[in-house]
Every structure is written in structure tokens, then in C-alpha cells.
Amino acid sequence: MARKWLKQEKRTKEQLFDALVKNALGFVETSLDHVKERPKNSIVDLYTAIELFLKARLMAEHWTLMLSKPETAELQNLYVGDFLSVYLDDALKRINSILGEKIDLAASDNFKALGEHRNQIVHFAHSGHDDLAATQAGVIVEQWASWHYLYAMLTDTWKEVFEPYKIELQKLNHRMMRQRDFLSSRFTILKPKIEIELKRGKTIIACEHCELKSAVVNKVHPWGTDYSCLVCGVSDTAVVKADIKLPCPGCNEDVEFFDAKFTECPTCHFAFNTDALIDLCTAHIHEGDQWWEGGAEHIASCHECECPRPSVFYIDGLWSCVSCFDRGWQAVACERCGEFVTGDMERIKYFACHKCEDQVRQGIEAMVAAGAATEESQDAKEQP
Ligand SMILES: [Zn+2]
Ligand SMILES: [Zn+2]
Ligand SMILES: [Zn+2]
Ligand SMILES: [Zn+2]
């Protein structure tokens, strides 16, 4: 390989780690710089930063872990910068399986969604008719969400690893938070439009993404309210709140735990991650809905977030997932695989549930292939 002959400085592992992190910090910086002029580049840069930070985390454990194929690792190549490194999906898997660290499902889902958006931007041409201000607002909200998870990992979960970069991270966090001014000024500009919607008889609620009172209600369901936000352009469903309190395992005080932002007990600071919430509900909730028969399974697997542990409990009149906090789906035992799952009832009945879907699809493909083969042999026989 010619590249190996390039004159490159040999770098020690520590230097390489430092270079990776500085590179990542630089991409967060440019992500912020780009919001005004080229908002879409902000998404691409922030995604690159996330990948670099995850690589750095893996590298801190062992340098081979950041390579796409650790089994072919050669330290020499690393020193001269000649290697293929791991991508987001694999990095997340390795952090979980090799480091034994659980990345919050909401965080990994967010990073993957950002990755999909990044791919759309990189691979598909855009019409160029986008409203720049609206795009900016949407990008800021997306940046915020991803940064929220990333910053928590870097300064809390992996505090020791990234300690030397604490000040830089804090500075970036401040810059990120200052973007709020942009959204507020956009809100002021859009105020007349919001007034018009109100006069038309529309209901305006607080947007869950930009947190401004600029979301126009489209449809109200028993499980939540569909809205489109005028400021940040996000359309989503505000899921109806679950009125439930359960005693904290740490201090026995009742806590309102059904909230994606709830991470610790306000009294004793007991940490509530997904596992802790599932444990809490398992200990206190023992029944399903009106169709549920005593003795049957009462904790369903969630088709929305596909949390590995069953995470959907019957809370305050609706099936409610304590992993992704979605509510209002129905839950049934799948007739094909027997798993107790949430999902679209028609789909489960006539096709499959999220647990057995791959298997059913493979079965259908095999059947189609076999059918095609018989047809072919029939054709062969019919030929004179
Ligand atoms: Zn909004
Ligand atoms: Zn507590
Ligand atoms: Zn879920
Ligand atoms: Zn099934």
C-alpha cells in the first residue's frame, strides 16, 4: 500500500487519543459555526463529532477497539494513520458488549436518527427552496437533542476519560445553550402568525422540541395530541401524561416517574434508568387492561423502541412504555410467536408482531423462491 510510504509522524497512543478528541471538539465547534449560513452542514459535522467521541471512548479502553476489524490490528499502521475505523452502529455495539456499558436507548436512537438525517443530506440533492430560517430552527433543535445526550455521556458517564477536556466541553455547552436566543427571536417574528392560528380557533400548545408555545394542534387522540410547531418545524405527538406515582426504591417517597426527563429521585438522587423503571413497575404493577386475564403475562414488549426487556405496563388507563414513554398502543399475545407485544393490531393479526416479523418475512421469501423453482421445473417439463 502506497500510503504506508507517506512520510507521517509516528504518533503515540496518547497523542492519537488527544488528536481524536480535539478533532471531535472541532467538529462540534464548526457545527455551531455553520448553523447560520449552512445549517445542513451543522448536522453532518455534529454527527462526525459523535462518531469521533465514541471512537475515542473505545480507544481509551484499547486502541484496537476503534478499528473496523480489530483482528487485523497492527500497531505500526495505527501510528502512521493507516487504518479503517469503526462506524456508529458498531461503536455503540462494542461499547455495550465489550465495555459492558449501557448507552441509554434514547441516546443511541437519537444518534442513529441524526445519522440517517446526515445520510440524506450527504447522498441526496436538495431542492434549494428551503426556508433558511425554518431550516436553521429545525437544525438547532436537532443539535440540542443530540448534544444533550452526548454532553451527558462525556461529562457524566465517561467523566474520567474526558476529564482533561472539561473546560472545552463546558464552553461548547454554553454556546449550544445560547442558540436559544435565535429561537426566541424567531418566536417573536412568528407571533402574528400564531395569533392568526388562535383566531382561526386552533389550539396552541408548548412544543416538546423547542419548548416554545408555538405548536399548532392538529388532532387530539385519547393517547395524545398531534401538533406542528411553527418555530422549529417539528411535527410530533404530545403523549398524554400518565397520572401515577410509585415509591422510590431509595427513600420510599412517591415519585412521578413517567417522564422521559426523569432521571433521578429529587429526594435521595436514586438513579432511574430504563432498567430501574422496569424494576419499579414490575414490583408495583400486577395487572393488564380490561381484556387481560388474571395470570397471563402483563408486561408487553414495545414495538416502538424494541427495548430488549418487556417495558410496557398498563398505567392510568393506557399501555405505557417506560423505555420510550410512548403510550396508547394496544397489547396482545402474538398468535404466531406467543410473545406479549404492543403494535398495530391488524398488522400483528395478518402479518406478524415486531418479534417474529423477520422470521415470517424469511418464511414468505422461502415460499416464493420455492414457488418460482416449481414453476421453472414445470416450464421445463412442458417444453417439447
Ligand atoms: Zn418547536
Ligand atoms: Zn428517592
Ligand atoms: Zn418503548
Ligand atoms: Zn409474533
Side-chain angles (χ1 to χ4, degrees), residues 39 131 133-145 148 179-191 193-194 197 202-218 225-238 245-257 259 262-273 276-277 279-280 283-284 297 300-304 306 310 312 329-364:
D131 169 0
T135 314
Q136 282 174 358
V139 164
I140 290 173
V141 168
E142 218 172 326
Q143 254 185 354
W144 265 359
H148 160 83
Q179 307 255 59
R180 175 134 220 117
D181 297 347
F182 173 81
L183 292 178
S184 315
S185 61
R186 189 167 155 75
F187 179 77
T188 315
I189 295 167
L190 287 170
K191 199 111 207 237
K193 250 190 163 175
I194 297 169
E197 293 293 340
K202 293 272 187 181
T203 309
I204 306 286
I205 57 170
C207 167
E208 291 175 317
H209 297 265
C210 68
E211 292 171 7
L212 293 165
K213 214 177 162 199
S214 51
V216 183
V217 170
N218 302 322
T225 305
D226 295 343
Y227 67 82
S228 311
C229 176
L230 289 172
V231 168
C232 70
V234 174
S235 296
D236 204 349
T237 305
K245 282 182 181 175
L246 287 176
C248 164
C251 64
N252 226 24
E253 284 292 323
D254 279 350
V255 284
E256 263 180 81
F257 65 91
D259 180 350
F262 180 79
T263 52
E264 61 169 43
C265 169
T267 312
C268 73
H269 303 289
F270 181 89
F272 282 96
N273 57 13
L277 287 177
D279 292 341
L280 178 75
H284 294 278
E297 187 56 72
S301 293
C302 178
H303 75 294
E304 275 291 324
E306 299 191 16
V312 188
W329 293 93
Q330 288 187 56
V332 283
C334 171
E335 281 177 25
R336 279 179 193 79
C337 67
E339 294 278 352
F340 190 52
V341 291
T342 59
D344 178 77
M345 292 300 115
E346 297 276 295
R347 190 179 162 84
I348 295 174
K349 193 161 177 213
Y350 296 111
F351 176 54
C353 76
H354 72 278
K355 290 266 181 189
C356 63
E357 171 175 72
D358 287 344
Q359 219 183 331
V360 169
R361 203 171 277 128
Q362 277 165 16
I364 294 171

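Numbers for residues simply follow the sequence, beginning at 1. When a ligand or atom number is given, it counts from 1 through the structure's own listing order.
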Could you check if a side-chain atom of I194 sits within less than 4.5 angstrom of a side-chain atom of E197, using non-hydrogen atoms only? no

Output for pair (C232 SG, W144 CH2), nearest 0.5 Å, gives 9.0 Å

Here the gap from F272 atom CZ to E264 atom CD, rounded to the nearest 0.5 Å, amounts to 10.0 Å

To the nearest 10°, what's the angle at the Zn ion (ligand 4) between atoms SG (C334) and SG (C337)? 110°

Closest non-hydrogen contact found for K349 with R336 is O-NH2, 3.4 Å

Rounded to the nearest 0.5 angstrom, the CD-CD distance for Q136 and Q179 is 9.5 Å

Would you say H269 has an N, O or S atom lying under 2.8 Å from the Zn ion (ligand 2)? no

How wide is the angle at the Zn ion (ligand 2) between SG in C248 and SG in C268, to the nearest 10°? 100°

Counting backbone and side chain alike, does H209 bring an N/O/S atom below 2.8 Å of the Zn ion (ligand 1)? no

Could you grab the angle centred on the Zn ion (ligand 1), going from SG in C207 to SG in C232, to 10°? 110°

Backbone or side chain, does C353 get an N/O/S atom under 2.8 Å to the Zn ion (ligand 4)? yes

